[in-house]
Amino acid sequence: MRTPIVAGNWKMHKTVGDTVKFVKEFRSVVKDVTGVEIVIAPPFIAVHAAVEAARNSNIGVSAQDLYWERQGAFTGEVSAAMIAEAGAEYVIIGHSERRTLFGETDAMVNKKVAAAFGAGLTPIVCIGETLDQRERNETYAVLDRQIKGGLDGVTADQLAQLVVAYEPVWAIGTGRNATPAQAGEAHAHIRKRLQGWFGADAADRCHVIYGGSVKPDNIAELVRHPDVDGALVGGASLEVGAFAEIVFRTRA
Ligand code: PGA
């Protein structure tokens with residue numbers, strides 16, 4: 001059985017001070033939660049503070065991106081080793097905002113996945129189609145291309161540890177979530193592809209979580225599908241109450 005994961009992607013929100021305040025409050029609200037892996041992904045600058053504030057709690061910390069080189073003349077970038085040393089255990093890779101606003105390609109995602117594993121981080125690899133692609137019936141072709149390109153060279157053992165986040169681009173930040181049926185269908189497709197490419201055992205252990213306008217009132221229905229192993233939450237992860245409610249309803 002896969003333990004569901006609920007990860008909060010804060011994007012470019014919250015200062016170091018805001019982060020510490022959130023974690024102090026949030027950790028007491030979720031302290032008795034078992035059976036759900038809880039993760040928060042603050043901006044780079046607050047990762048270490050989040051780790052310190054979450055010490056000895058059931059909350060893990062993620063970065064939102066990384067650069068694949070170990071070190072060097074790459075102004076503005078942060079390596080996997082630096083993230084791991086700061087105490088984070090996860091890293092989000094290939095979020096659609098990185099792809100559309102910052103030109104990230106599947107080849108870049110692939111290098112980042114390798115770098116994350118190299119530093120012992122769990123990659124949360126985002127994939128998903130745009131509205132145009134969905135309307136042209138290209139959803140599965142897009143997902144296949146993103147999985148194949150992004151996870152090229154990943155071993156079965158690594159896949160078992162990896163998290164895939166299915167995030168239809170049209171559902172991100174729009175208030176328009178995929179219906180449970182749409183999410184379930186896409187997740188089942190992804191699982192089938194992972195089985196074909198990495199073997200049944202690895203694919204069964206790999207988490208496939210849903211992202212895109214997840215809220216307290218739609219999470220329970222979304223995670224009811226056996227192939228939906230939790231959620232990547234943007235906007236609703238910024239509020240202690242809403243994010244905690246999503247965690248509670250994931251377990252129920
Ligand atoms: P949202 O963002 O929950 O605000 O739609 C999800 C994401 O971008 O990961």
Side-chain angles (χ1 to χ4, degrees), residues 4-16 18-23 26-27 30 36-51 53-54 59-67 78 80 83 86-102 104 108-109 112-113 116 121-128 146 150 162-178 183 187 207-216 218-219 222-223 228-247 249-250:
I5 298 173
V6 174
N9 173 14
W10 288 357
K11 309 189 180 185
M12 201 172 73
H13 294 283
K14 295 195 192 291
T15 62
V16 173
D18 298 337
T19 299
V20 172
K21 184 167 175 287
F22 179 102
V23 176
F26 182 66
R27 64 178 285 162
V30 298
V36 183
E37 257 178 72
I38 307 168
V39 179
I40 53 165
F44 277 134
I45 200 160
V47 163
H48 186 61
V51 168
I59 304 162
V61 177
S62 176
Q64 299 175 12
D65 187 24
L66 61 79
Y67 191 60
V78 176
I83 293 165
E89 297 164 285
Y90 304 80
V91 59
I92 297 170
I93 297 175
H95 188 277
S96 73
E97 285 148 20
R98 300 290 327 160
R99 293 176 188 260
T100 53
L101 302 174
F102 302 99
E104 213 157 288
M108 290 159 79
V109 168
K112 293 184 176 193
V113 169
L121 295 169
T122 298
I124 301 173
V125 181
C126 302
I127 60 175
Q146 290 174 333
L162 184 138
V163 180
V164 174
Y166 169 61
E167 298 205 299
V169 178
W170 47 272
I172 295 176
T174 58
R176 179 183 167 194
N177 62 292
H187 282 237
H207 284 77
V208 185
I209 64 178
Y210 168 80
S213 297
V214 171
K215 303 279 182 271
N218 59 25
I219 183 68
L222 286 161
V223 292
V228 179
D229 306 318
L232 183 56
V233 186
S237 72
L238 296 170
E239 298 283 332
V240 168
F243 193 45
E245 204 52 51
I246 289 170
V247 169
R249 296 185 188 182
T250 296

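As the structure is a prediction and not an experimental result, all values here were calculated from the model. Computation of the quantities below employed the complete heavy-atom set of this structure, encompassing side-chain atoms and omitting hydrogens, waters and symmetry-equivalent molecules.
- Once rounded to the nearest 0.5 Å, the distance linking CD1 of I93 with CZ of R99 reads 10.5 Å.
- The two residues V61 and P42 have their closest heavy-atom pair at CG1-CD, 4.0 Å.
- The CD1 atom of I246 sits 7.5 Å away from atom NZ of K215, with the distance rounded to the nearest 0.5 Å.
- Taking CD of E239 as the reference point, atom CZ of F26 lies at 12.0 Å (rounded to 0.5 Å).
- In plain terms, the two heavy atoms of I92 and A41 that are nearest each other are CD1-CB, 3.7 Å.
- Taken from NZ in K14 to CD1 in I45, the straight-line distance is 16.0 Å, to the nearest 0.5 Å.
- Counting heavy atoms from C-beta outward, L162 and V113 have side chains that approach closer than 4.5 Å.
- Using a 4.5 Å heavy-atom threshold, the side chains of Q64 and M12 count as separate.
- Inter-residue side-chain proximity for V240 and F22 is flagged as met; some heavy-atom pair is nearer than 4.5 Å.
- The minimum heavy-atom distance between A46 and T19, with the atom names listed, is CB-OG1, 3.4 Å.
- Nearest heavy-atom pair, F243 versus V39, reported as atom, atom and distance to 0.1 Å: CZ-O, 3.8 Å.
- Under the 3.5 Å distance criterion, the side-chain polar atoms of Y210 are matched with a main-chain donor or acceptor of G212.
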So N9 and S237, side chain to side chain contact (heavy atoms under 4.5 Å, CB included) or not? Walk me through it. CA-CA 7 Å; N9 173 14; S237 72; 5.5 Å; no
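- Side chain of W10 to backbone of I40: no donor-acceptor contact under 3.5 angstrom is found.
- Looking at K112 and P123, their side chains never come closer than 4.5 Å, going by heavy atoms from C-beta outward.
- Shown here are the salt bridge (charged side-chain N to carboxylate O under 4.0 Å, His left out) partners of K11, two or more places apart in sequence or in another chain: E97.
- Here the CD atom belonging to E104 is positioned 5.5 Å from the CG atom belonging to D65, to the nearest 0.5 angstrom.
- Taken to the nearest 0.5 Å, the CD1 atom of I5 stands 10.5 Å off from the OG atom of S62.
- No donor-acceptor pair closer than 3.5 Å links the side chain of T122 to the backbone N or O of Y90.
- Of the options V6, L222, V214, V163, a side-chain contact (heavy atoms from CB on, under 4.5 Å) to I209 is made by V163 and by none of the others.
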Side-chain donor/acceptor pairs under 3.5 Å, residues 228-236, sequence neighbours excluded:
{"unit_1": "D229", "atom_1": "OD1", "unit_2": "R2", "atom_2": "NE", "d": "2.9"}
{"unit_1": "D229", "atom_1": "OD1", "unit_2": "R2", "atom_2": "NH2", "d": "3.3"}
{"unit_1": "D229", "atom_1": "OD2", "unit_2": "R2", "atom_2": "NE", "d": "3.0"}
{"unit_1": "D229", "atom_1": "OD2", "unit_2": "R191", "atom_2": "NH2", "d": "2.8"}
{"unit_1": "D229", "atom_1": "OD2", "unit_2": "V208", "atom_2": "N", "d": "2.8"}

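- V16 approaches A49 most closely through the heavy-atom pair CG1-CB, 3.7 Å.
- Contact detail for T250 and P4: the closest heavy-atom pair is CG2-CB, 3.7 Å.
- In terms of modelled atom types and a separation under 3.5 Å, the side chain of R27 and the main chain of A53 share a donor-acceptor contact.
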